[in-house]
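Single-structure report; data block below.
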Amino acid sequence: MILFVGWAIAVITVAIGYVIAGPIWVKRHSLRFRVGHTLRRCSGMYGEIALVTFGAMLVYLIDQSSPSTTVDELVMARPMVSLGAVILVALVVYVHGIRTAMAAETGERGRLGFTYSIYGVFSTVFFAGGLALIALVVTQALADASNFSELSKAAIAQLPMSGEADTDTLQRGLELSYLDTQLLLSKAEDSMSPVFVFMAGIFAINLAIRLTPLRSLFINNAVLLTMVTTIIGVIAVLVVGAWTYIGYYSSFINDYLEALTEFRGFIVKANPDALERYSDIYVEMIDQKALLGFVTRISNEWGGVAAVLGVTQWIVEQFNRPEQEESPAHAHEPAEA
């Protein structure tokens with residue numbers, strides 16, 4: 001609900017801002033596109049509405065892929081922190097808006113100042129949404145670590161560490177423990193879904209900026225923007241991946257292997273089939289502990305989507321370098337759409 005309200009406020013205020021600014025802002029924020037041999041342009045309002053809609057959809061997808069928390073729960077659980085974050089973002093946005101308006105031509109300052117007073121609401125919502133997205137990913141990662149720690153003890157406890165247990169009890173405990181272990185390790189895969197959705201969303205938005213008239217909203221900063229956001233996405237995946245692997249994935253497998261080593265003294269007295277099964281499980285857990293095993297395990301469908309979009313973005317960048325654009329001698333003054 002909070003996400004929808006924020007999106008609606010952003011759309012309404014950016015539309016009002018463009019209406020107030022009128023032709024002054026068309027020179028500053030316009031979408032440029034080619035029709036035949038003519039370069040035309042129209043209001044950047046449509047592009048900014050598209051961007052905030054893409055952003056809202058990205059936050060919604062991460063919200064849906066985070067089983068332990070939602071945007072609404074985050075805000076309701078920490079209302080004062082959330083309010084403080086919004087106020088801080090608003091201060092930065094409005095200081096920038098005032099400075100930009102004061103730097104304009106004398107006849108445009110008043111109108112631009114009024115425009116930025118409305119447009120600032122859109123910017124505040126947009127960047128506050130970015131903070132909410134990051135908070136969502138971090139909160140989910142911490143929740144996954146806490147849940148994993150609790151469930152790991154139950155999985156190891158399934159091993160019957162008793163010399164009085166019969167063969168059936170030993171084998172049943174081994175199988176149940178291994179089943180719980182695999183279910184637990186699958187949660188590591190789920191814990192990476194939000195950050196993979198985040199990276200896939202960044203790649204998708206970057207492709208839209210590079211391949212559509214949205215590029216002209218950022219003038220010469222489109223390439224820089226896509227590079228910076230790509231780096232942010234890669235860093236997010238690496239940080240969360242390292243946190244997952246080092247923080248609890250690898251340490252849990254070490255604990256489980258130690259328990260299996262202790263369990264060997266009991267299972268060795270069982271029948272050959274049980275001992276063979278024990279050996280298979282032990283070797284399988286060693287393989288899963290390896291970094292390659294972890295990477296393979298977390299490469300779910302969202303990881304695949306992020307990888308495909310990342311490769312696509314790289315290919316687009318190779319065929320869409322700035323030096324390949326039309327030279328100034330062939331450029332035409334944009335016409336109003």
Go through the steps to decide whether E175 and L179 satisfy the test side-chain contact (heavy atoms from CB on, under 4.5 Å), and finish with yes or no.
-> CA-CA 6 Å; E175 293 294 348; L179 175 61; over 6 Å; no
[X] side, atom [atom1]; [Y] side, atom [atom2] - distance, nearest 0.5 Å:
X: N254; Y: M285; atom1: CG; atom2: CE; result: 9.5 Å
X: T181; Y: L159; atom1: OG1; atom2: CG; result: 7.5 Å
X: Q288; Y: L257; atom1: CD; atom2: CG; result: 10.0 Å
X: F4; Y: D72; atom1: CZ; atom2: CG; result: 13.0 Å
X: M57; Y: L3; atom1: CE; atom2: CG; result: 11.0 Å
X: L176; Y: Q171; atom1: CG; atom2: CD; result: 11.0 Å

[X] (side chain) donor-acceptor with [Y] (main chain) under 3.5 angstrom:
X: E73; Y: T70; result: yes
X: T53; Y: I49; result: yes
X: D63; Y: V71; result: yes
X: Y256; Y: S152; result: no
X: S177; Y: G173; result: no

Just wondering, do [Y] and [X] contact through their side chains at under 4.5 Å, heavy atoms?
X: Y178; Y: E284; value: yes
X: K289; Y: I286; value: no
X: Y278; Y: L170; value: no
X: V14; Y: F126; value: no
X: L83; Y: I87; value: yes

Do [X] and [Y] share a hydrophobic cluster (ILVMFWY, side-chain heavy atoms under 4.5 Å, transitive)?
X: I246; Y: L238; result: yes
X: L74; Y: I134; result: yes
X: V81; Y: V92; result: no
X: V59; Y: V86; result: no
X: V283; Y: I281; result: no

Between M76 and I2, does a side-chain contact (heavy atoms from CB on, under 4.5 Å) hold up when you go through it step by step?
-> CA-CA 10 Å; M76 296 302 180; I2 293 176; 4.3 Å; yes
Shortest non-hydrogen separation from [X] to [Y] and the atoms involved:
X: V52; Y: A10; answer: CG2-CB, 3.8 Å
X: A56; Y: W7; answer: CB-CD1, 3.9 Å
X: G6; Y: V125; answer: O-CG1, 3.2 Å
X: S123; Y: V93; answer: CB-CG1, 3.5 Å
X: I156; Y: A259; answer: CG2-CB, 3.7 Å

Looking only at side chains, do E48 and Y18 share a donor and an acceptor under 3.5 Å apart?
-> yes
Hits for salt bridge (Lys or Arg N to Asp or Glu O under 4.0 Å) against E258, two or more places apart or cross-chain, chain-then-number order -> none
Qualifying residues under ring pair (Phe, Tyr, Trp, His ring centres under 6.0 Å), relative to F252, sequence neighbours excluded | F148
Any chance you could lay out the side-chain contact (heavy atoms from CB on, under 4.5 Å) test for Y119 and T13, step after step, and finish with the verdict?
-> CA-CA 6 Å; Y119 182 80; T13 52; over 6 Å; no
Test side-chain contact (heavy atoms from CB on, under 4.5 Å) applied to Y116 and I98, step by step = CA-CA 7 Å; Y116 276 113; I98 293 172; over 6 Å; no
Can you establish whether the number of heavy atoms outside Y60 located under 6.0 Å from its atom OH is more than 12?
-> no
Hydrophobic cluster of I16, others only, ordered by chain and residue number, side-chain cut-off 4.5 Å | I12, I20, F114, I118
